[in-house]
Amino acid sequence: MNTSSTPETSDTPGTPDPSKVPPRLAIGTLIAGCLAVCLAQIGIAIPATLNGLFQEHLHPVGSQLTWISDAFLLPVTVLELSFGVLGDLFGRKRLLVGGAVLLGAGEVVAAASSGIHQLWAGQALAGLGAAALFPTSLAMIAAGTTGHAQRARAIALWASSLSAGGFLAPLLGGITGTYGSWRWSFVVVAIVAGLSALISLLFATNSSSPEGRSLDIGGQVTIGVGLFALLYAVIQGPTDGWGSAPVVVAFVVAAVFVCLFVVAEHRARSPLLRLDLFRNRSFAVASVVAVVGMFSFLGTAYGASIRLGPIQHQSPMRTAFAFLLLNGITPFLTPLTSRLLARVPARTLLSAGLALIAAGDFVAATLDVDDRALTSLILPLGLVGIGFAFTVSSITATAVNTVPVHLAGMASASTNLLRDFGFTLGPAVIGAVALSQAASRVTGALPGSALPADAKTAAHEVLAEGGPLALNSVPPNSPPGAARSFALDALGHGYSIGFAVCGGAALFAALLVLVALRGARAIRS
């Protein structure tokens with residue numbers, strides 16, 4: 001994504017010459033871009049605080065709950081770079097307005113959901129809009145600045161707005177979910193989306209940079225199919241069986257299309273992902289760390305949301321507390337991380353952040369599933385939140401500093417793609433690991449239990465239909481209700497393993513940075 005272009009005249013009749021645009025329009029562009037990225041981040045984060053209500057009202061079975069998060073994340077991951085190119089080619093203002101409209105429309109569809117499938121559709125449509133907003137908002141802000149210092153300040157405001165979205169989302173979800181309805185959460189986001197579209201339409205200055213830019217259709221199609229097939233296989237594995245035909249076929253399709261993606265990128269004139277960057281060992285290591293580290297963080301966030309919501313049946317407001325620990329620390333630490341990045345190598349801060357995430361996850365893995373006290377979460381999720389603040393600010397810096405300056409833009413875009421891929425894998429993999437372990441544990445425990453035969457039969461029927469989460473949510477006085485304690489224990493065990501997997505992944509990434517990037521120097525030219 002090229003963000004070094006200069007603003008062009010808007011295609012709206014009567015738009016003044018860009019050289020004579022008054023200062024207020026530059027401020028309007030900054031406000032529009034910051035509001036857009038804040039909106040997109042709220043859209044990503046808000047469903048996590050509502051998982052308990054989704055389970056209660058829509059009764060998702062098996063892996064259906066996981067798809068609510070990944071239905072939004074998938075289009076963001078797959079289409080973000082292509083939307084950056086579209087903005088460069090056809091004008092960024094159109095995408096900023098259109099992306100907000102799409103996100104708002106998706107939130108309306110989600111709010112009106114009568115079932116889980118409509119909620120998926122709304123999430124996917126909203127994710128499509130967010131995929132346009134993330135790169136376009138940053139590119140418009142950068143294109144409207146003059147000079148390095150002004151651009152640095154503007155991008156810092158953009159990054160703070162993104163962090164603010166992660167901070168506001170749990171508050172919004174917690175308040176509306178606790179005192180209203182989960183539907184109102186989506187309605188409020190839709191209203192914000194409408195406001196964002198209006199501000200962009202009225203005050204944002206259009207810009208584009210078509211020189212040398214073209215869509216990589218082959219790369220887009222192959223990575224889209226490959227990533228969707230991979231996620232389908234990982235998410236559906238616990239429900240359908242890892243050896244079932246659909247899951248096996250999905251893994252094969254994923255492998256084939258990833259290979260086709262590599263071939264397409266080698267042949268593309270303007271590739272979606274510059275594969276030659278990976279010949280640089282330091283950049284390749286930083287890219288692996290971006291995927292693994294962000295997988296660990298969002299896997300932790302997803303695990304915490306399931307623990308508090310569908311497992312413990314706590315209110316969205318209490319779930320919001322956990323997400324404030326995970327996301328709310330980043331904005332407050334931004335001044336500190338900026339100073340640290342100026343004084344110590346980015347890889348040092350990166351390894352420290354990943355180590356803190358690992359420590360928090362390992363503590364979280366030891367928590368008793370019957371412990372509903374929010375104070376128990378302060379240490380583990382606080383560590384993960386601080387670690388994320390250090391990690392997210394240093395991943396891109398680590399990657400960009402390992403390549404020549406003229407490749408910094410492509411390195412940043414590639415790292416963003418890989419970071420979002422890690423985000424998408426988090427809920428998918430941790431959901432699969434936890435539910436597989438929980439299903440095995442409860443299935444093995446029921447036959448030897450002292451439960452009446454009719455209770456065992458009813459419990460097995462619920463497990464076959466909806467898995468451990470469904471059994472954990474049946475009414476206590478129903479025939480399968482006697483087995484709820486077995487489901488609770490199994491789910492606690494499964495998600496403890498999930499936290500341990502996240503911790504192990506973060507620790508691996510921290511060690512990889514320390515060992516593989518030892519002695520690496522930033523490239524300045």
Side-chain angles (χ1 to χ4, degrees), residues 159 162-163 166 281-304 322-323 325-334 336-366 377 379-402 411-412 414-427 429-430 433 497-520 522:
L162 186 148
S163 298
R281 178 177 62 88
S282 296
F283 178 82
V285 170
S287 299
V288 171
V289 170
V291 175
V292 176
M294 294 305 98
F295 152 78
S296 178
F297 173 74
L298 209 64
T300 303
Y302 179 75
F323 278 83
L325 290 172
L326 290 169
N327 293 311
I329 295 175
T330 301
F332 296 103
L333 287 183
T334 297
L336 174 61
T337 54
S338 297
R339 287 195 293 270
L340 287 173
L341 281 171
R343 289 171 171 77
V344 300
R347 63 182 180 276
T348 302
L349 190 61
L350 177 57
S351 59
L354 291 165
L356 286 172
I357 292 176
D361 275 314
F362 289 139
V363 174
T366 66
L377 300 175
L379 176 61
L381 298 190
L383 288 172
V384 173
I386 295 171
F388 176 70
F390 290 162
T391 300
V392 74
S393 62
S394 53
I395 279 182
T396 301
T398 301
V400 168
N401 288 339
T402 62
S412 177
S414 300
T415 304
N416 288 341
L417 173 67
L418 294 166
R419 183 190 64 209
D420 290 338
F421 177 55
F423 279 147
T424 308
L425 283 179
V429 173
I430 297 308
V433 169
I497 293 177
F499 285 127
V501 169
C502 290
L507 182 60
F508 165 79
L511 293 174
L512 184 63
V513 171
L514 287 175
V515 174
L517 296 184
R518 179 185 299 171

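- Between Phe390 and Ile357 there is no side-chain heavy-atom pair separated by less than 4.5 Å.
- Atom-to-atom distance recorded for Ile386:CD1 and Thr337:OG1 is 12.0 Å, nearest 0.5 angstrom.
- Atom CG of Leu336 is separated from atom CG of Leu341 by 9.5 Å, given to the nearest 0.5 angstrom.
- Residues Leu298 and Pro427 share a closest heavy-atom pair of CD2-CD, 4.0 Å.
- When side chains are defined from C-beta on, Val363 does not count as touching Phe499, because their heavy atoms never get closer than 4.5 Å.
- When all heavy atoms of Ala516 and Val285 are compared, the pair lying nearest together is CB-CG2, 3.7 Å.
- Considering every non-hydrogen atom in both Ala500 and Ala365, the closest pair reads N-CB, 4.0 Å.
- Within the 4.5 Å cutoff, the side chain of Cys502 has heavy atoms near those of the Ile430 side chain.
- Each of Thr391, Val392, Leu326 was scored for a side chain to side chain contact (heavy atoms under 4.5 Å, CB included) with Phe297, with one residue passing: Leu326.
- Here the shortest heavy-atom pairing between Leu377 and Ala322 reads CD1-CB, 4.4 Å.
- For the atom pair Met294 CE and Leu354 CG, the distance stands at 7.0 Å (nearest 0.5 Å).
- Rounding to the nearest 0.5 Å gives a distance of 9.5 Å between OG1 of Thr330 and CG of Leu162.
- The heavy-atom pair separating Ser296 from Ala505 by the smallest distance is CB-CB, 4.4 Å.
- Below 30°, between 30° and 60°, or above 60°: for Phe423 and Phe388 the angle between ring planes is between 30° and 60°, a tilted geometry.
- Listed here is the closest heavy atom pair of Ser351 and Leu514: OG-CD2, 3.7 Å.
- Using a 4.5 Å cut-off on side-chain heavy atoms (C-beta onward), Phe295 and Val501 make contact.
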